[in-house]
Amino acid sequence: MKKGLKQGVTLLTTLLLLSACGGNSSNKSADSTDDKVATGQKSAKVLNLMEASEVGSMDTIFTQDEPSVNAQSNVFEGLYQLDEKDNVIPAVAKEMPEISEDGKTYKIKLREDAKWSNGDKVTANDFVFAWKKMADPKNQANYFFLMDGTILNGTEIVNEEKSADELGVKAIDDYTLEIKMAKPVTYFTSLLAFSPFFPQNEKFVTEKGKEYGTSSENIVSNGPFLMENWDQASMSWDLVANPEYYDADKVKSEKIHFEVLKETNTVFNLYESGELDVAILTGDFAKQNKDNPDYEAIQRSKVYSLRMNQKRNDKPSIFANENVRKAVAYALDKKSLVENILADGSKDIYGYIPKDFVANPETGEDFRKEAGDLVKTDEKLANEYLEKAKKELNGDVTIELLSKDGDGDKKVAEFIQGQLEKTLPGLKINVKTVPLNNSIELMKKGDYELSVSMWGPDYQDPMTFLESSVSTKNKTSYRSEKYDQLIDDASNKYANEPEKRWEALIAAEKVLIEEDVALIPLYQQARGQLVRPGVEGIEYHNFGATSTYKNAYIKE
C-alpha cells in the first residue's frame with residue numbers, strides 16, 4: 001500500500017447524511033427576539049458565559065482544544081458556516097461552490113465587502129496562504145492531515161514529497177478561489193466551515209511571526225467578534241462586536257464575557273448570584289438541578305475515551321502489552337461513571353462512533369446499533385488479562401494517568417483510578433494533573449501513558465473518528481496493517497460503493513476497539529447546563545465548533 005493511500009482521507013457519500021443530527025439554539029429560537037434586537041440594535045447587556053479550560057491558541061492551524069475552536073469560530077469566519085440546523089451556508093463565499101462535473105474542481109466566488117478588523121479586504125489569497133501554511137509539514141499543524149487525499153498534491157506535501165507551494169489551490173483574482181481536488185470528496189464543502197480552513201491575513205501573520213494568535217494584540221479578525229483582554233494565560237476574555245464585519249447589523253450582542261471556571265461549585269454559585277448566564281454542570285450539581293426549570297441537557301456527538309500510549313520517550317510503555325490494554329478495557333464500569341460521576345445526561349458507549357450520528361446508506365440503520373457493543377464490562381475477564389500481563393511483565397502493573405485540572409476532569413480521573421484499582425488487585429494508578437496547554441503538549445510529544453481524551457467530529461461521517469487512528473497519524477504509537485488497510489479501502493477502493501464502504505468502516509472500528517483495544521471509549525457527552533431566562537440565540541453544533549454566538553444575546 002502506498003504511503004499516501006495509507007494516509008488518505010475518505011470520500012463521503014451524501015447518503016450518509018440521512019441521519020444528520022441538527023444543531024439547536026438555547027431555550028428559544030433566535031427569531032423570537034424583543035423589539036430592540038429585532039430592529040438590528042444590539043443588546044448592551046453583557047452576556048456572561050464560561051469555558052471549562054483556557055483558550056490554547058487563536059492561530060487556526062495550531063489548535064484542537066474545544067475552547068480554542070469555539071473562540072476561533074466566533075472571531076474568524078471561513079468560506080462557509082453552519083446554521084442553527086447544521087446546514088452549510090455561505091459566509092465569506094457569496095454562494096455555494098461551483099463544482100465541475102467530475103467533482104475535482106471547485107470555483108468559489110468571495111463576497112467583496114468582507115474585511116479584516118484592520119480594514120484590509122478579505123481576499124482569495126488569504127485562504128491560499130492559510131491552507132498552504134496548514135499543509136506544510138514543517139509547521140506541524142494539528143489538522144494538516146485534512147489536506148491528505150483531498151486537495152491536489154496534499155498527500156505528497158504532507159509526506160514531504162512536494163513543496164506546500166504546489167498545493168492545488170490558487171487565487172484567480174482577489175475574489176475568486178479555485179481548488180483542484182486529488183479526487184471527488186463530497187464532504188469537502190462542510191470541511192470549509194471548520195476553523196483550520198479559515199483565512200489568515202498574510203501581511204499581519206508574517207509581521208507577528210511566532211507571536212501571531214497568542215494574545216488579543218496579535219490577532220486580526222474577520223468574524224462577528226473581536227477578542228479582547230486575552231492571552232494564552234488568561235482565565236477570562238471578552239468577545240466584542242466587530243464593526244468591520246460585513247454582517248455587523250445581524251450581531252445581536254455588543255459584548256460577551258467569558259470566564260474559565262474549573263470548579264462546579266463555583267459555576268453554580270456564580271449562576272445563583274446572577275454573575276453567570278449559562279452554567280455547565282456535572283456530578284451532584286447536575287443531579288440536584290434536574291428539576292430546575294432553567295436546566296437542560298443537550299445531547300452531543302463528542303466521545304470521551306482513554307488513550308493508551310504504546311511508546312513513551314522512544315521506549316515501549318506499559319500499554320505496549322496487549323493484556324494490560326484489555327485488562328483496563330474490560331474492567332471499566334462506564335455506566336457507573338456516567339450515572340454517578342457525570343450525571344449530566346452523558347451515555348456510556350461501547351464503540352467509538354457515537355449514537356445517532358450517521359446511518360447505513362442502504363438500510364438507514366444507525367452505525368452504533370448496527371456495529372453493536374464492543375468490549376462490555378467483564379470483571380472476571382479483566383482479571384484474567386491482568387494475570388497474563390503480570391506474568392509477562394514479571395510483577396504488578398503501575399500506570400500513570402494524565403488529567404487536565406478542571407473539576408470535572410479531576411473527578412473522572414479519580415473515578416477511573418479508584419475503580420480500576422478496586423477491580424484489578426495488583427494494579428496501581430498514579431494521577432498526574434496538569435493545565436490544558438500542558439496536557440496538549442504532553443500528548444503531542446507522546447510523553448504520557450494513559451489519558452482521558454475527547455474527540456468531536458469535524459464533519460458528519462464515521463471517518464472523522466476513525467481516520468486519526470491509522471498508523472501514520474495517531475499519537476499513541478498504535479500500528480496495525482489490518483486497520484490501515486480497512487481505512488484505506490473505505491477511503492479509496494470503496495469510495496463509490498456506499499454499502500461496502502460502510503462494512504469496511506464497521507470492521508475497522510471492531511479492529512480498533514475490540515481486537516487490538518487501541519483505545520477505550522468511555523462516554524458520549526451530553527452538556528448539562530442551567531440557562532438563565534432571557535438568554536437567546538446560542539447555537540450548538542454537532543460537528544466543527546460546539547457553539548456560535550452571532551445570534552446570542554440576553555434580554556435587557
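Rounded to the nearest 0.5 Å, atoms NZ (K432) and OG (S451) are 11.0 Å apart. Residue E296 holds its CD atom at 14.0 Å from NZ of K290, rounded to the nearest 0.5 Å. Here D461 contributes atom CG and L191 contributes atom CG; the two are 10.5 Å apart, rounded to the nearest 0.5 Å.
With hydrogens and angles ignored, the 3.5 Å screen pairs a side-chain donor or acceptor of N474 with a backbone N or O of S469. In terms of modelled atom types and a separation under 3.5 Å, the side chain of E509 and the main chain of Y352 share a donor-acceptor contact. Side-chain N or O atoms of E449 include one that pairs as donor or acceptor with a backbone N or O of E400 at under 3.5 Å. Proximity of a side-chain donor or acceptor of S346 to a complementary backbone N or O of A526 within less than 3.5 Å is detected. No side-chain donor-acceptor contact under 3.5 Å links N139 to the backbone of K132. Although no hydrogens or angles enter the test, the distance criterion places no donor-acceptor pair under 3.5 Å between the side chain of E365 and the main chain of N360. Using modelled atom types, one side-chain atom of D333 and one backbone atom of S336 make a donor-acceptor pair closer than 3.5 Å. Using modelled atom types, no side-chain atom of K482 and backbone atom of V511 make a donor-acceptor pair closer than 3.5 Å. D484 places a side-chain N or O within 3.5 Å of a backbone atom of S471 that can act as its donor or acceptor partner. Formation of a donor-acceptor pair under 3.5 Å by the D373 side chain with backbone atoms of K376 is not found in this model.
Aromatic ring orientation, W455 versus Y143: tilted (interplanar angle from 30° to 60°). Relative orientation of the F188 and W131 rings is perpendicular, given thresholds of 30° and 60° on the angle between their planes.
In the model, K183 has a side-chain atom that pairs as donor or acceptor with a side-chain atom of N492 under 3.5 Å. Between the side chains of D516 and Y478, at least one donor N or O lies within less than 3.5 Å of an accepting N or O. Side-chain N/O atoms of T548 and H541 include a donor and acceptor closer than 3.5 Å. Donor-acceptor pairing under 3.5 Å is lacking for the side chains of Y385 and N383. In this structure, a donor-acceptor pair under 3.5 Å is present between the side chains of D489 and Q485. Between the side chains of Q310 and T476, no donor-acceptor pair is found at a separation under 3.5 Å. Side chains of T155 and D148: a donor on one and an acceptor on the other come within 3.5 Å. Between the side chains of D59 and S57, no donor N or O sits under 3.5 Å from an acceptor N or O. Checking S73 against N70 by side-chain atom types alone, no donor-acceptor pair falls below 3.5 Å. Residues E54 and N437 bring no donor and acceptor atom of their side chains to less than 3.5 Å of each other. Neither side chain, N542 nor Q460, offers a donor N or O lying under 3.5 Å from an acceptor on the other.
Checked against L402 for a side chain to side chain contact (heavy atoms under 4.5 Å, CB included), the options V434, T433, N309 give a single hit: V434.
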For residues 408-416, which side-chain donor-acceptor pairs fall under 3.5 Å, sequence neighbours excluded?
none

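Every residue meeting the side-chain contact (heavy atoms from CB on, under 4.5 Å) condition with A382, not counting sequence neighbours, appears here in chain and number order: Y330, A331, L424. With sequence neighbours left out, K162 forms a salt bridge (charged side-chain N to carboxylate O under 4.0 Å, His left out) with no residue at all.
K262 and D405 are joined by a salt bridge, as a carboxylate oxygen and a charged side-chain nitrogen come within less than 4.0 angstrom of each other. Ionic pairing of D344 and R527 is not present here: no N-O contact between side-chain nitrogen and carboxylate oxygen is shorter than 4.0 angstrom.
At least one cation-pi condition fails for K473 and F145: the charged atom is not both under 6.0 angstrom from the six-membered ring centre and inside a 45 degree cone around its axis.
Ring centers of Y459 and F543: at least 6.0 Å apart, outside the cut-off. Aromatic ring centres of Y80 and F197: separated by at least 6.0 Å.
A 6.0 Å sphere centred on NZ of K422 holds no more than 12 heavy atoms belonging to other residues, nucleotides or ligands. Enclosure of atom NZ in K347 is not indicated, since only 12 or fewer non-hydrogen atoms of other residues, nucleotides or ligands lie within 6.0 angstrom.
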